[in-house]
Amino acid sequence: MEEKTVVLIVGAGPAGLATAACLTQLSIPYVIVEREDCSASLWRNRAYDRLKLHLAKEFCELPYMSYPAEAPNYIPKDQFIRYLDNYIERFNIRPKYHTEVKSCTYDQDKQCWFTLAHDMATSVDVRYTSRFLVVASGENSAENIPTIHGLNGFAGETIHSSRYKSGTAYSRKKVLVVGCGNSGMEIAYDLASHGANTTIVVRSPVHVVTKEIIRCGVTLVQYMPMNTVDDLLVRMSNSVFGDLSRHGIVRPEIGPLLLKAKTGRSAVIDVGTIGLIKKGTIKVVGNISTIKGNIVEFDGRKASTFDAIVFATGYKSTANTWLKNGESMLNGDGLPKKEFPNHWKGANGLYCAGLAKRGLAGIAMDSRNIANDILSSLH
């Protein structure tokens with residue numbers, strides 16, 4: 001089975017949907033394929049119950065559609081999913097679900113992309129021919145669990161944060177959370193709130209801020225130098241939280257906005273976790289050295305027993321497993337070679353959306369840039 005289109009979009013998460021909407025506004029034909037049975041599967045199926053958008057709603061809109069006026073400043077997961085459903089309806093986006101891309105190759109002679117995909121519902125292979133290809137499969141395609149000596153022999157339960165929903169099932173259990181980003185800190189808080197004996201691994205320096213502080217920073221940086229804003233944010237955070245180093249949490253040497261710009265690592269927006277750490281309700285430990293049965297040993301020869309381990313250690317891109325001619329745009333990890341904001345365009349009509357670790361605001365920028373560039377190429 002063969003199908004021709006001007007643009008093929010791989011992935012129906014927020015990045016793919018935003019790109020589809022921007023193409024629609026410019027009357028550019030496209031096809032969007034998605035391996036899962038729904039759009040935004042990360043949000044629908046792999047996000048914990050208490051999740052909210054970490055930035056205020058004005059920084060999290062997709063192109064051409066605002067949130068309802070009555071929506072709260074920080075959008076809960078369920079409301080964000082409703083927003084996406086309304087977005088799909090408004091722009092008449094019709095993803096081809098259950099369609100897994102096997103390979104994408106560029107034909108220099110015919111100057112087009114050949115994409116082989118498998119329709120899992122009908123077991124039929126489909127060959128798409130397109131002039132342009134948009135990689136919107138996301139930086140969060142596959143679970144990332146670190147290699148730890150003895151992990152395979154751990155006697156308790158191990159799960160990735162993508163399968164964590166609530167701390168209800170862990171009441172009175174000893175649970176270790178690995179990872180101190182926003183997901184790890186929120187999951188630790190949720191576990192402790194449900195009566196779990198909670199410990200969190202803090203492996204690297206991290207900025208901790210409030211949602212008001214980061215909202216202030218994202219607003220001010222539009223008018224002031226980033227270093228100046230970062231200095232202000234660090235002072236504000238120190239005023240709110242004090243010195244956290246005695247609790248095992250050390251700040252990075254560079255400020256939160258510059259760290260995000262250089263590495264894509266976000267500051268942690270505290271939901272109450274720091275207060276529980278200060279009280280001793282949540283314990284902080286260093287890196288894991290080895291696991292023996294249900295005993296976890298940490299650097300410094302500390303050890304403790306646990307009933308469960310939750311890995312809030314992020315995700316990784318899988319684009320390189322199917323994209324065969326992406327060297328102009330992606331590195332060995334399936335992420336952009338070029339730095340933001342020039343990361344979104346490769347050679348031969350190849351683009352990526354949502355791979356720059358810039359959240360929904362970055363997705364909005366990528367999708368507009370891609371659609372406008374395709375329009376320019378067509379003309």
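We're numbering straight along the sequence, starting at 1.
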Peer 1: So, using side-chain contact (heavy atoms from CB on, under 4.5 Å) as the criterion, who are the partners of R50 when residues are at least two apart?
Peer 2: Y48, E186, Y189, D190, V271
Peer 1: Report yes if some heavy atom in the side chain of I9 is under 4.5 Å from a heavy atom in the side chain of V31; otherwise report no.
Peer 2: no
Peer 1: Give a yes or no on whether the backbone of A353 and the side-chain of H343 come within a donor-acceptor separation of less than 3.5 Å.
Peer 2: no
Peer 1: Mind checking ring-ring contact (aromatic ring centres under 6.0 Å, His included) for F91 and listing every partner two or more places apart, or none if nothing turns up?
Peer 2: Y87
Peer 1: Under the 4.5 Å side-chain heavy-atom rule for ILVMFWY, direct or indirect, which residues accompany M365?
Peer 2: F340
Peer 1: Hydrophobic clustering (ILVMFWY, side-chain heavy atoms < 4.5 Å, transitive) - are V284 and V201 grouped together?
Peer 2: no
Peer 1: Under a 3.5 Å cutoff, is there a donor and acceptor pairing between the side chains of S162 and E143?
Peer 2: yes
Peer 1: With sequence neighbours left out, which residue pairs that include part of residues 342-356 fulfil the salt bridge (Lys or Arg N to Asp or Glu O under 4.0 Å) condition?
Peer 2: K345-D373
Peer 1: Would you say the side-chain atoms of T313 pair up with the backbone N or O of N144, donor to acceptor, closer than 3.5 Å?
Peer 2: yes
Peer 1: So, using salt bridge (charged side-chain N to carboxylate O under 4.0 Å, His left out) as the criterion, who are the partners of E100 when residues are at least two apart?
Peer 2: K102
Peer 1: Same hydrophobic cluster for I288 and V177, using side-chain heavy-atom links shorter than 4.5 Å among ILVMFWY?
Peer 2: no
Peer 1: Does L62 share a hydrophobic cluster with V7, counting links as ILVMFWY side-chain heavy atoms below 4.5 Å and allowing steps through other members?
Peer 2: yes
Peer 1: Any side-chain heavy atom of I249 sitting closer than 4.5 Å to one from I277?
Peer 2: yes
Peer 1: Please determine if D85 and R44 form a salt bridge, counting it only when a charged side-chain N lies under 4.0 Å from a carboxylate O.
Peer 2: yes
Peer 1: Are any of the side-chain heavy atoms of I309 and E157 separated by less than 4.5 Å?
Peer 2: no
Peer 1: With no hydrogens and no angle check, is any side-chain donor or acceptor of K165 less than 3.5 Å from a backbone partner on A47?
Peer 2: yes
Peer 1: Do you know the tightest heavy-atom contact between G334 and A319?
Peer 2: O-CB, 4.4 Å
Peer 1: Main chain of A261, side chain of R358: is a donor-acceptor contact present, judged purely on distance under 3.5 Å?
Peer 2: yes
Peer 1: Below 4.0 angstrom, N of the basic side chain to O of the carboxylate: do E297 and K292 qualify?
Peer 2: yes
Peer 1: Does any pair with a residue in residues 50-72 pass ring-ring contact (aromatic ring centres under 6.0 Å, His included), and if so which ones, sequence neighbours excluded?
Peer 2: Y67-Y83
Peer 1: Run the side-chain contact (heavy atoms from CB on, under 4.5 Å) check on T198 and I200 step by step: do they pass?
Peer 2: CA-CA 7 Å; T198 308; I200 186 168; 5.7 Å; no
Peer 1: Identify the two heavy atoms, one from C352 and one from L355, that lie closest to each other, and give their separation to 0.1 Å.
Peer 2: CB-CD1, 3.7 Å
Peer 1: Any ring-ring contact (aromatic ring centres under 6.0 Å, His included) involving residues 94-129? Give me the pairs, sequence neighbours left out, ordered by first then second residue.
Peer 2: Y106-W113
Peer 1: Can you list every ring-ring contact (aromatic ring centres under 6.0 Å, His included) pair that touches residues 267-324, not counting sequence neighbours?
Peer 2: H160-Y315
Peer 1: If I take atom OG from residue S237 and atom CZ from residue R251, how far apart are they, to the nearest 0.5 angstrom?
Peer 2: 4.5 Å
Peer 1: Do NZ/NE/NH1/NH2 and the carboxylate oxygens of R215 and E58 come within less than 4.0 Å?
Peer 2: yes
Peer 1: Do K324 and S103 pair up side chain to side chain, a donor and an acceptor below 3.5 Å, judged on atom types alone?
Peer 2: no
Peer 1: Applying side-chain contact (heavy atoms from CB on, under 4.5 Å), run through S377 and F132 and close with a yes or a no.
Peer 2: CA-CA 10 Å; S377 297; F132 305 97; 3.8 Å; yes
Peer 1: Contact between D270 and T210 at the side-chain level, heavy atoms closer than 4.5 Å - yes or no?
Peer 2: no
Peer 1: Verify side-chain contact (heavy atoms from CB on, under 4.5 Å) between I88 and R94, making sure each step is shown before the conclusion.
Peer 2: CA-CA 8 Å; I88 290 170; R94 296 291 177 262; 4.1 Å; yes
Peer 1: Please identify each residue that fulfils side chain to side chain donor-acceptor pair (under 3.5 Å) with K211, with sequence neighbours left out.
Peer 2: none
Peer 1: Drop me the distance from I254's CD1 to L259's CG, to the nearest 0.5 angstrom.
Peer 2: 4.5 Å
Peer 1: With sequence neighbours excluded, what pairs up with T281 under the side chain to side chain donor-acceptor pair (under 3.5 Å) test?
Peer 2: none
Peer 1: Assess the residue pair D307 and V175 against the criterion (side-chain contact (heavy atoms from CB on, under 4.5 Å)); give the C-alpha distance rounded to whole Å, side-chain angles, the decisive distance to 0.1 Å, and a yes or no.
Peer 2: CA-CA 6 Å; D307 301 304; V175 185; 5.8 Å; no
Peer 1: Can you give me the closest heavy-atom contact between H194 and G167, atom names plus distance?
Peer 2: CB-O, 3.4 Å
Peer 1: By side chain to side chain donor-acceptor pair (under 3.5 Å), which residues pair with S245, not counting sequence neighbours?
Peer 2: D243
Peer 1: Closer than 3.5 angstrom, by distance alone: can the side chain of N348 be matched with the main-chain N or O of C112 as a donor-acceptor pair?
Peer 2: no
Peer 1: Determine whether P256 and V234 make a side-chain contact, defined as any pair of heavy atoms from C-beta on separated by less than 4.5 Å.
Peer 2: yes
Peer 1: What's the verdict on side-chain hydrogen bond (donor to acceptor under 3.5 Å, both in side chains) for N197 and K283, showing C-alpha distance, side-chain angles and the deciding distance?
Peer 2: CA-CA 9 Å; N197 185 335; K283 293 175 282 295; 2.9 Å; yes
Peer 1: Do any pairs count as a ring-ring contact (aromatic ring centres under 6.0 Å, His included) and have a residue in residues 214-251, sequence neighbours left out, and if so which ones?
Peer 2: none
Peer 1: Side-chain donor-acceptor pair under 3.5 Å between S130 and K4, yes or no?
Peer 2: no
